[in-house]
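The block underneath contains the structure these notes are about, expressed in structure tokens.
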Amino acid sequence: MRGVRVAWALARHELRLMASLWLWVARRRHGVGGGTTFGYARGQAAMMYGFAFVCVVETVAMSVLLDDWPTVHAVVLFLDVYTVVFVVALHAASVVRPHVVGDGVLRVRRAVHVDLRIPVERIASVRRELRMTHEAADGELDLAVGAQTTVTVELAEPVTHVTFFGHRREVRVVRFHADDSDGLVRALAAPPLLGDSVSPDSYRRDTARGGQGHADAS
């Protein structure tokens, strides 16, 4: 039974990646509705394109080396081409599935792997916080892009995060990357989202903490 669940998770992952690639080519986005979107793919774009380029070079090299073995050449060529498509699709998924703020929900995403919906009434505080290192801890979810996170959200009540293979865990702190982290924090600090108890002045630039913006919902 576990094997079936794993196989289904992998198959669903592949299908979502290919769908994301199609959306990317069509210049469309997934699940944004009328909300305000915040991308996060810029932080990994150079690395992903570089990886794709290396895969293309390897594909060409292997095609030349295996030219005298047609069957092996065909198999390796298929695998190499699929690898290139897979890498590009991973980047495409990050582009077409941005973070979304709207309808009283913060939707935090990372490609097709994570899609976490956080009701804004559960947000205790949100701040711009650059972190380059992350240690696993109970109740915390770190979604680094390019080995960094730039936004930290602390919750008054936990939300349930469903992992890639369907395991469920409660989280109270979520850290993730956004290309426009200041804009995302300001959007969450807006009174219509966090309530009348939060004024626009709740967001501030704290130069003593490395330029971190902070908004407290309490």
Side-chain angles (χ1 to χ4, degrees), residues 9-10 13 16-17 20-21 24 29-32 35-55 83 86-101 105-118 120 122-155 158-189 205-206 209-215:
L10 292 173
H13 176 261
R16 287 178 175 175
L17 280 180
S20 297
L21 184 59
W24 186 55
R29 290 182 295 181
H30 174 273
V32 299
T36 304
T37 60
F38 297 90
Y40 52 89
R42 193 187 310 159
Q44 66 179 15
M47 178 184 69
M48 298 302 289
Y49 284 131
F51 189 27
F53 175 76
V54 170
C55 291
T83 300
F86 182 86
V87 171
V88 175
L90 277 175
H91 177 64
S94 296
V95 174
V96 304
R97 297 170 182 264
H99 306 309
V100 184
V101 177
V105 173
L106 165 62
R107 192 173 182 180
V108 180
R109 303 199 280 188
R110 185 173 65 182
V112 298
H113 312 111
V114 177
D115 190 346
L116 180 66
R117 298 171 186 263
I118 304 174
V120 294
R122 297 193 185 185
I123 297 177
S125 67
V126 55
R127 63 182 178 272
R128 181 182 183 276
E129 180 181 36
L130 175 62
R131 286 200 175 202
M132 305 297 292
T133 59
H134 304 85
E135 296 182 1
D138 290 339
E140 298 184 2
L141 177 63
D142 296 317
L143 304 175
V145 173
Q148 68 176 9
T149 57
T150 53
V151 178
T152 298
V153 175
E154 297 181 358
L155 306 179
V159 295
T160 301
H161 166 55
V162 181
T163 66
F164 183 83
F165 290 114
H167 301 296
R168 306 172 75 87
R169 56 184 293 245
E170 301 294 303
V171 295
R172 284 185 172 271
V173 177
V174 181
R175 300 185 185 92
F176 57 95
H177 173 71
D179 295 330
D180 180 15
S181 54
D182 283 331
L184 190 149
V185 170
R186 283 195 296 267
L188 284 174
R205 296 285 297 181
D206 191 344
R209 297 176 60 187
Q212 297 171 359
H214 182 276

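Residue numbers start at 1 and run along the sequence shown. In this text, all values refer to a predicted model and were calculated from it rather than measured experimentally.
How far NE2 of His134 is from CE of Met132: 8.5 Å, rounded to the nearest 0.5 Å. If you take NE2 on His30 and CZ on Arg97, they are separated by 4.5 Å, rounding to the nearest 0.5 Å. Rounded to the nearest 0.5 angstrom, Thr149 OG1 and Tyr40 OH are separated by 14.5 Å. Here the straight-line distance linking atom OG1 of Thr150 with atom CZ of Arg131 works out to 12.5 Å at 0.5 Å rounding. Residue Gln148 holds its CD atom at 13.0 Å from CG of Asp142, rounded to the nearest 0.5 Å. Atom CZ of Arg127 sits about 5.0 Å away from atom OG1 of Thr152, to the nearest 0.5 Å.
Within the 4.5 Å cutoff, the side chain of Trp24 has no heavy atoms near those of the Ser20 side chain. For the pair Thr160 and Glu170, the minimum side-chain heavy-atom distance is below 4.5 Å. A heavy-atom distance below 4.5 Å is found between the side chains of Val120 and Leu188. Taking the side chain as every heavy atom from C-beta outward, Leu155 and Ile123 approach each other to under 4.5 Å. Side-chain contact check for Phe176 versus Arg110: every heavy-atom pair is 4.5 Å or farther apart. Arg168 has its side chain within reach of Val162: a pair of non-hydrogen atoms, C-beta onward, lies under 4.5 Å apart.
Within the 3.5 Å criterion, the main-chain N or O of Val151 finds no donor-acceptor partner in the side chain of Ser181. Of the possible polar contacts, one joining the Arg107 side chain to the Gly31 backbone as a donor-acceptor pair under 3.5 Å is found. A donor-acceptor pair is defined here as one N or O able to donate and one able to accept, closer than 3.5 Å; such a pair exists between the side chain of His99 and the backbone of His177. Without hydrogens or angle criteria, Arg169 side chain to Glu140 main chain gives a donor-acceptor distance under 3.5 Å.
Ring-plane geometry between His13 and Phe164 is classed as perpendicular, the angle between the planes exceeding 60 degrees on a 0 to 90 degree scale with a lower cut at 30.
Taking each heavy atom of Pro98 and Arg109 in turn, the nearest pair found is O-NE, 2.9 Å. Of all the heavy atoms in Asp179 and Gly43, the pair that sits closest is OD1-N, 3.7 Å. In this structure, Ala111 and Leu90 approach most closely via the heavy-atom pair CB-O, 4.3 Å. Of all the heavy atoms in Cys55 and Thr83, the pair that sits closest is SG-CG2, 3.8 Å. Nearest approach of Leu184 to Phe38, heavy atoms of both residues: N-CE2, 3.3 Å.
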Problem - Stepwise side chain to side chain contact (heavy atoms under 4.5 Å, CB included) test for His113 and Leu143 - result: CA-CA 10 Å; His113 312 111; Leu143 304 175; over 6 Å; no

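Atom CZ of Arg122 has more than 12 neighbouring heavy atoms from other residues, nucleotides or ligands inside a 6.0 Å radius. Residue Phe53 qualifies as open at atom CZ: its count of foreign heavy atoms under 6.0 Å is 12 or below.
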